[in-house]
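Notes for the one structure printed next.
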Amino acid sequence: MTAPELPRLNNRQVAEIFADIGDLMLILGENRFKIIAYQNAARTIAELNQDINAVHAAGALRDIPGIGQAIAEKIDELLTTGSIPFYNKLTEQVPAGVVAMMRVPDVGPKTAKRLWEELDITGVEGLKAAAAAGRIRELKGFGAKSEEKILKGIELLARRQNDRTPIGSARPLAEGLIADLLSALPPGTIQKIELAGSLRRWRETIGDVDILAVSEQPVAVMEAFRALPQAVDILGAGDRKSSIALPNGMQVDIRVVEARHWGAALAYFTGSQAHNVAVRERAQKQGWSLNEYSLTSDGHPDFPDGTDRFFETEEALYAFLGLDWVAPELRENRGEVQAARQHSLPRLIELADIVGELHSHTTFSDGKATLEEMAAAAQAKGYEYWNVSDHSIGLGVTQGVDAGALAEQRAEIDRLNGEYAAAGIDFRLLLGTEAEVLADGTLGLPDDVLATLDVVVASIHTGLRQDRETITERCLKAVRNPHVDILGHPTGRLIGRREPSEIDLERVLQACAETGTIVEINANPARLDLSGAYARRAVELGCKLAINCDAHSVDQIDLLPYGVHTARRGWLTAADVINTRPLDEMLGMLKDRNIRNIAR
DNA sequence: GCCGTTTTCGGCCCGACTGTTTTCAGTCG
């Protein structure tokens with residue numbers, strides 16, 4: 001008798017189960033360090049850049065930091081039998097809706113447990129009704145204000161569709177807030193102000209916006225902040241710390257510190273929590289306790305306990321602990337603290353390293369600007385080369401280029417390149433296409449047409465719901481086509497709106513490494529595809545990458561920083577990215593057939 | 001439950017703010 005086929009669980013689904021275990025244990029009041037272990041495991045699995053099933057099959061679960069014997073066994077149970085007895089026991093003890101109540105701001109495990117046990121409330125709906133009916137004040141330690149807070153929290157929860165906001169929405173909002181705050185105060189009130197938290201680390205989604213400032217007049221800053229027109233709600237109002245809610249439900253926290261606290265405070269509020277813990281452990285070993293203001297001696301042989309050391313910059317703080325300064329994008333406790341100690345952090349790619357774009361659109365397909373307008377904008381931005389890569393025919397939703405349109409584009413590009421050359425401008429247009437990878441893995445244009453182009457990007461836009469084997473084989477077929485230079489937005493995800501396809505990235509990236517196909521980091525903040533984590537994996541497997549804006553309008557050329565910071569989250573250096581290279585060198589890194597087309 | 005450049009046992013970050021308290025527990029980041 002063979003075991004019934006189990007549905008395959010992806011990393012996110014496995015991570016959710018372990019996060020749920022952590023939440024259930026919180027409510028049941030289990031040992032907090034065990035809870036932290038489950039929470040860490042959940043986070044690690046969610047951010048893992050390899051398929052958990054593959055790691056499991058290879059017997060390498062224990063190699064994942066934060067996964068020990070007990071959790072490895074539970075993952076094994078889950079993947080081989082489809083369930084975890086330990087987890088089942090927990091869910092039997094706590095009604096399903098009780099964990100969900102913890103999503104309401106200010107409702108934590110203790111509160112949720114009391115609401116359930118003492119008032120028999122087992123869900124957010126019941127909580128809302130009880131608060132509205134004034135039943136919660138019956139509990140010792142709760143009053144009318146608690147009910148108000150709960151109702152407000154539920155409202156806030158409903159207003160934001162997702163827990164986290166894509167960085168592409170959050171960053172402009174946050175930058176606007178800072179600008180408005182500065183203009184609401186007399187010049188000089190704020191000496192320093194910076195985004196901290198996940199925005200400074202350039203995570204792809206943002207929970208809360210964290211702003212850190214230095215000012216001699218913290219109260220004035222607090223008042224101006226809470227009076228901002230974007231504040232639909234005041235969630236906290238202290239002398240040095242305040243929180244507001246924005247119309248989209250996003251929470252913004254501001255904190256004002258003294259100038260001498262800046263280094264420790266910026267490090268503290270940039271996080272991540274896991275990175276902070278690792279740095280703090282390092283400090284402790286040296287006899288220092290680290291908080292958001294300073295290092296305080298605690299068991300240090302040379303300083304009496306309680307001696308403070310202040311740092312005006314992060315660099316000074318890290319240096320004091322014997323660490324190189326760690327770029328915020330790396331602060332996820334993925335080996336960066338050890339590398340900082342060994343002075344082996346990579347020299348990360350920077351925005352200025354990018355000299356060319358290899359994926360862009362014009363009115364020949366679904367772009368908003370003409371070829372000439374895009375070229376002028378690109379040239380004005382200082383690019384050295386620019387690949388025009390309109391959608392090929394084959395993508396149903398938009399008009400695409402065929403051989404005739406490509407000939408037209410070639411003529412226009414030749415004319416413009418001639419003008420640049422005559423004017424002594426160091427800028428070169430290339431002709432390519434974003435070839436549609438059709439459902440069977442063939443491309444939207446025939447090979448003899450692709451062979452005439454300078455740089456071919458191949459992308460999947462439709463059929464993203466194909467099963468894992470089908471979409472992987474389809475993509476592999478495109479990658480193995482000798483005319484395909486770049487694999488565009490490999491997973492097809494749209495952050496917060498569409499999950500990545502089920503594609504087996506490990507196999508695809510291996511094939512890219514073998515064939516010399518360049519892998520794209522699509523800089524559009526809705527995509528960021530590959531992600532930083534998978535970009536790192538791609539480099540580990542021997543791939544080269546390209547960071548592309550995929551601009552459909554002149555404005556979208558400005559999205560490049562999202563791509564560069566994503567690459568930095570993947571520990572990438574300029575050497576890993578081909579469009580940091582001068583034109584000839586870049587072309588030489590493509591599957592080599594292109595050289596003959598471009599040399600003239 | 002995890003982990004090790006003092007440890008295979010004994011640790012595991014810490015302060016601000018809030019609400020309901022007369023000294024603190026809960027939540028959050």
Side-chain angles (χ1 to χ4, degrees), chain A residues 18 21-22 25-27 29-44 61-75 86 101-115 136-137 139-150 152-153 196-198 206-212 218 222 234-243 251-257 261 264-265 267-296 298-299 301 322 333 337-338 341-342:
Chain A
F18 283 91
I21 289 175
M25 290 172 76
L26 268 170
I27 292 191
E30 305 279 348
N31 177 292
R32 69 189 185 98
F33 298 110
K34 285 190 185 181
I35 294 168
I36 289 170
Y38 281 102
Q39 290 171 335
N40 283 342
R43 193 178 52 86
T44 301
L61 289 173
R62 294 286 304 272
D63 295 344
I64 302 171
I67 309 281
Q69 188 179 341
I71 292 182
E73 279 170 8
K74 291 184 176 70
I75 295 172
F86 174 70
M101 290 198 294
M102 285 202 299
R103 291 188 60 224
V104 178
D106 298 312
V107 177
K110 301 275 168 50
T111 305
K113 186 175 194 212
R114 290 194 57 200
L115 290 166
I136 291 175
R137 67 187 71 181
L139 287 186
K140 186 171 163 57
F142 289 77
K145 280 207 174 172
S146 309
E147 289 171 346
E148 228 174 86
K149 211 172 178 179
I150 284 170
K152 204 192 259 186
S198 47
I206 305 301
D208 301 331
V209 174
D210 294 298
I211 299 172
L212 186 68
M222 291 299 105
I234 311 293
L235 304 172
D239 288 346
R240 293 193 158 270
K241 180 181 171 185
S242 289
S243 301
Q251 182 177 332
V252 185
D253 301 334
I254 192 170
R255 185 81 170 239
V256 174
V257 298
H261 296 149
Y268 184 91
F269 290 110
T270 297
S272 66
Q273 200 173 358
H275 173 85
N276 286 354
V277 168
V279 171
R280 220 170 267 135
E281 281 171 1
R282 166 102 185 144
Q284 271 185 332
K285 284 185 182 133
Q286 300 176 16
W288 298 96
S289 158
L290 176 61
N291 65 22
E292 61 260 60
Y293 301 113
S294 63
L295 283 176
T296 307
D298 178 20
N333 197 25
V337 176
Q338 190 183 8
R341 192 172 70 217
Q342 297 166 343

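In what follows, every chain begins at residue 1, and chains take the letters A, B, ... in the order their sequences are listed.
- Within the shown strands, dC2(B) is the pairing partner of dG11(B) under the Watson-Crick or G-U definition, both distances less than 3.5 Å.
- Lys74(A) has a side-chain polar atom (N or O) that falls below the 4.0 Å cut-off from OP1 or OP2 of dG1(B).
- With rounding to whole Å, Leu290(A) atom CG is found 10 Å from dG15(B) atom P.
- Among the nucleotides dC13(B), dG15(B), dG26(B), the one closest to any side-chain atom of Lys110(A) is dG26(B).
- In this structure, of dG1(B), dT27(B), dC13(B), it is dG1(B) that holds the atom nearest to the side chain of Asn31(A).
- Applying the 4.0 Å criterion to OP1 and OP2 of dC13(B), one finds that Asn276(A) has every side-chain N and O outside that range.
- Distances shown here put a side-chain N or O of Thr111(A) below 4.0 Å from the OP1 or OP2 atom of dT27(B).
- Separating the CE atom of Met102(A) from the P atom of dC28(B) is a distance of 9 Å, rounded to the nearest angstrom.
- Separating the C1' atom of dC12(B) from that of dA16(B) is a span of 22 Å, rounded to the nearest Å.
- Taking atom P on both dC13(B) and dT18(B), the two are 25 Å apart, rounded to the nearest angstrom.
- Taking the C1' atom of each, dG1(B) and dT5(B) are spaced 23 Å apart, rounded to whole Å.
- What separates CG of Asp210(A) from P of dC28(B) is a distance of 15 Å, to the nearest Å.
- An OP1 or OP2 oxygen of dC13(B) is reached within less than 4.0 angstrom by no side-chain nitrogen or oxygen of Ser289(A).
- Taking the P atoms as reference points, dT6(B) lies 24 Å from dC2(B), given to the whole Å.
- Two residues, Phe269(A) and Lys140(A), neighbour DNA chain B, and the one matched to the more 5' nucleotide by heavy-atom proximity is Lys140(A).
- The side chain of Tyr293(A) contributes an N or O atom lying less than 4.0 Å from OP1 or OP2 of dA16(B).
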